[in-house]
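Note sheet for the following structure.
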Amino acid sequence: MPASATANRPEELVERLGVGGAAAEGEALLKALREVKNQIIGNKTKKLLYLHLGAVPRIVSVLASAEGGGDAALIVQAAAAIGSFACGVEDGVRAVLDADAVPQLTRILSYPDEKVVDAGARSLRMIFQSKLTPKYDVLQEKNMKFLLSLLYRENENVTELAASIIAHSCERHEEQKALCDAGVLQRLVKLLGGPLNQRDACLESIEAIVRNNSEVAQKFACIDNGKALSSLIELIQDRYPRTRLLACICLIAIRHASPCYVQEMQIKTKLILILIELLEEPGKAGDEAPFALTNLIMDEEELHKQAISINAVEKLCNFFYKGPIEARRLQGILLALAELCSKLEKCRSQLISLQVLNFIVDALKHDCTDVRTAACSCIRNISRSLKNLSAGHLSSETVVVPLVQLLHDESSSVQVAALGAICNVAVNFATRKSVFIQCGGVSQLVQLAKSMDSTLRLKSVWALRNLMFLADRKDKECVLMELTVSNLASLICDSEHPIQEQALTLVSNLIDGCGDTFEHAFAEDSAIINALTRILHSASSPGVCMQACNQEAESTNTLVQVLHLFAMHSLRDLIRTFYRCIEMLPIKGMFLLANIAAGNEFHKEVVLNCLVPPQPNGNNPSFIIKFLQSKENLLRVASVWCIVNLTYRDGLCSSTRVARLRDAGIISQIKTMVNDPCLDCKLRVRMALEQCMDFENSEHVH
Amino acid sequence: MSLSWIFLGQLDSIEPMSTSKKVITREEWERKLKDVKIRKEDMNKLVMNFLVTEGYVEAAEKFRIESGTEPDIDLATITDRMAVKKAVQSGNVKDAIEKVNDLNPMILDTNPQLYFHLQQQRLIELIRIGKVEEALEFAQEELAPRGEENQSFLEELERTVALLAFEDVKNCPYGELLDVSQRLKTASEVNAAILTSQSHEKDPKLPSLLKMLIWAQNQLEEKAAYPRINNLSTAVLEDPTI
């Protein structure tokens, strides 16, 4: 071992660091500190080694005592070492935070020696780059003042630090507004004219301040009569790729926050063009470009078309042929392709003809969780194409087997994404359903349908429901055997409405078509029918609406928090979905009952029993009366269909059934509906009444 | 829009065959050039930018005093940067790394590729002076962990370590790693990273201006015969050949 290495053994070096005791002093301490710093910079392994030896608190104590003594050289070395520990290693950040280094580093920012200030500012920037570092509370007046004072300093390292603190800490609307009101945006815009690195840091913090905040975004757009906005638009054509990217991201944020800015097609097209060009850049600019592109074109078909017209799909797909892609970039490319495939068939067929499906399937097996999730979304959206499904591109073993394996993934986000893909692919396994069943897909779906996680439960029931769709009898029975009737019954009564809805559709798909499958609905003492009756009862009870609304309010609150980072429209969609679920549930249930009532005498009897129980429970009117009085057209139609099927004249018992319906007050309710505003409903009402009249007439004759 | 432009472009290239190119005489050309105004300060800034970027610190200092042009960077940092560059060029890589870290510790912490190349250069220098054991130890302790983090680093590391397997390293397949050009490559990578960290452009502006001149001349060549500059170092106008 070389002599220098023995002298610089980590254990001994750490011994020498610190204050008092065995620690070195003066030159020797400086030398030891510098040695540690030089060993750890850029070197993760060394950082971890020194962390375990407890170097960080020792160095922080050196910093503290050097501050007291005003030893600039020591302060600079200590600050640099602390900053390096906070770079790239999570444990390092924790150690630095635990040793309370931040306030000490902040103090040295006001030193007269520029070298000390530089060292402090750089070190703090490293610390504030980490997600683990707590946000800087800008709502506190003294903090805001301090931040502003930093922004007005001449030192470039300090202004960059201030900008990155803002980018790190500004999330909530109040914070954004406070920063805006304090005039931070104006100052940042001014700093955009400065040196390159400062400019990039300012772009990042402007984005953080305007993100999802229409009020602040509007204020930004009005700075200097729109000059700030135009300078951003100029920067998207800057010479430096990173600046171009950050300026694009900034403009996209303004566009999403405030719909009246950055709306001209010309500028949107320019953004798409620039982002696609940026894909070619090595490093971070190229890695992040596809994410920005996805964000820009999200949910806008017009922009999808625009992107496709400038060969976005081809350019994204070309990367697959260029050899291995780094994880972050691969994730971005997959997400961008997924977004492009979400709406336009043209894009999906382009993807298939470029023969990149194999690469996407390979990404399902990638080490990185985010890549696997992105690959699932990609397959889900490609499989929105009926053409692709029918062509069997997606139902081969090469696709299905890795997807099913992902159902066992340790990350639930991957499981959810895989379920999303399977939901679509399962619609048309056609003759290939057996592939899915053979590789254990069904049993894993059934397992997930029992999960505590409601998203997993929902998606797996959804997938099972699609698997049932137009399946042949053998497959249906195979699925039901795994799932079991009692599990299905409890899913129908699940605490979550969307899951109930999927479970009901699953039953509809199950009993759809051939008559034999009807019997499943009556297995295990009609467990499924009973479950169905139970939820219809509760859906008709007066409290349910309130209860649903309360539930919604509760989940909305958490949603608001979660969705803070997303655009508002996704929240609106969610609420809409939720409402639709509550409305759809009884409709689906009644159609299901109506279908069952179309069966044989026994089936009709069971349905009638759940409408009009043989032993009346008090004076409660049947839930169907409530439904017949509902404002929801479809619910009335479904309910009347049920009566039509029950009163159909084909068997001996029809007249008894009519009598029971009449006694329960259901017939007289239907009589009031002869002029129903909904045409479909009106027709069914007349049909039902005609059938009942026949009985009544024959009774009179008798 | 773009379609019509391409169409016109094609017309332009056909035209000279049927009709002769427009001829611009030397007198006319010089008269036109006279009307173009260039500010002295701009010229000086370009010169300063060249001196600063290329690292001619003494020349830059003299030029600053004589022309009164302020550099956009602290001249002292050029000395530091040049010291780093020189250290790599002369094989003192450890020294260079320490100097970079003193200049700005963020450079190597946020630039894994550069850090790897510097460590690789250290390994190459150990191999060059025949310290086989030390080289192996260094490769194992310092470079192997980087290879685990990044596939392309691993491949480069393998190529470098392969040097140890050959008797005559200079003539082995990866011998070029021992070349001076490898040191220069690493040195210029460090130089560029330091410039970037100082918000300074990696390349001087002068060469791009000259590139633009040549490009513009070639564009014009298609439409006209005119006195052009072929030798950039003398910048002599040469009479058009008709």
- Return the option, out of A:Leu196, A:Asn197, A:Asp118, with the maximum number of heavy-atom pairs under 4.5 Å with chain B. A:Asn197

- Item | Pair B:Asn101, A:Arg34: side-chain N/O donor-acceptor within cut-off below 3.5 Å | no

- Item | A:Asn43 side chain vs A:Lys46 backbone, donor-acceptor pair below 3.5 Å | yes

- Query: Rounded to the nearest 0.5 Å, what separation is found between the CG atom of A:Leu203 and the CG atom of A:Leu188?
  - Reply: 9.5 Å

- Note on the structure: When the 4.5 angstrom heavy-atom criterion is applied to B:Asp102 and chain A, the contacting part is both

- Query: Which residues, numbered in order, of residues 195-208 of chain B come under 4.5 angstrom of chain A by heavy-atom distance?
  - Reply: B:Thr196, B:Ser197, B:Gln198, B:Ser199, B:Glu201, B:Lys205

- In terms of heavy-atom pairs under 4.5 Å with chain B, the winner among A:Glu156, A:Arg239, A:Lys115 is A:Arg239

- For A:Gln77, is it the side chain, the backbone, both, or neither that has a heavy atom closer than 4.5 Å to a heavy atom of chain B? side chain

- Drop me the distance from B:Glu156's CD to B:Gln151's CD, to the nearest 0.5 angstrom. 11.5 Å

- Message: Centre-to-centre under 6.0 Å for A:Tyr321 and A:Phe359, is that the case here?
- Response: yes

- Could you tell me whether a side-chain N or O of B:Asp109 sits under 3.5 Å from a main-chain N or O of A:Gly42, the two making a donor and an acceptor? yes

- Message: With a 4.5 angstrom heavy-atom cut-off, is it the side chain or the backbone of A:Lys47 that approaches chain B, or both, or neither?
- Response: side chain

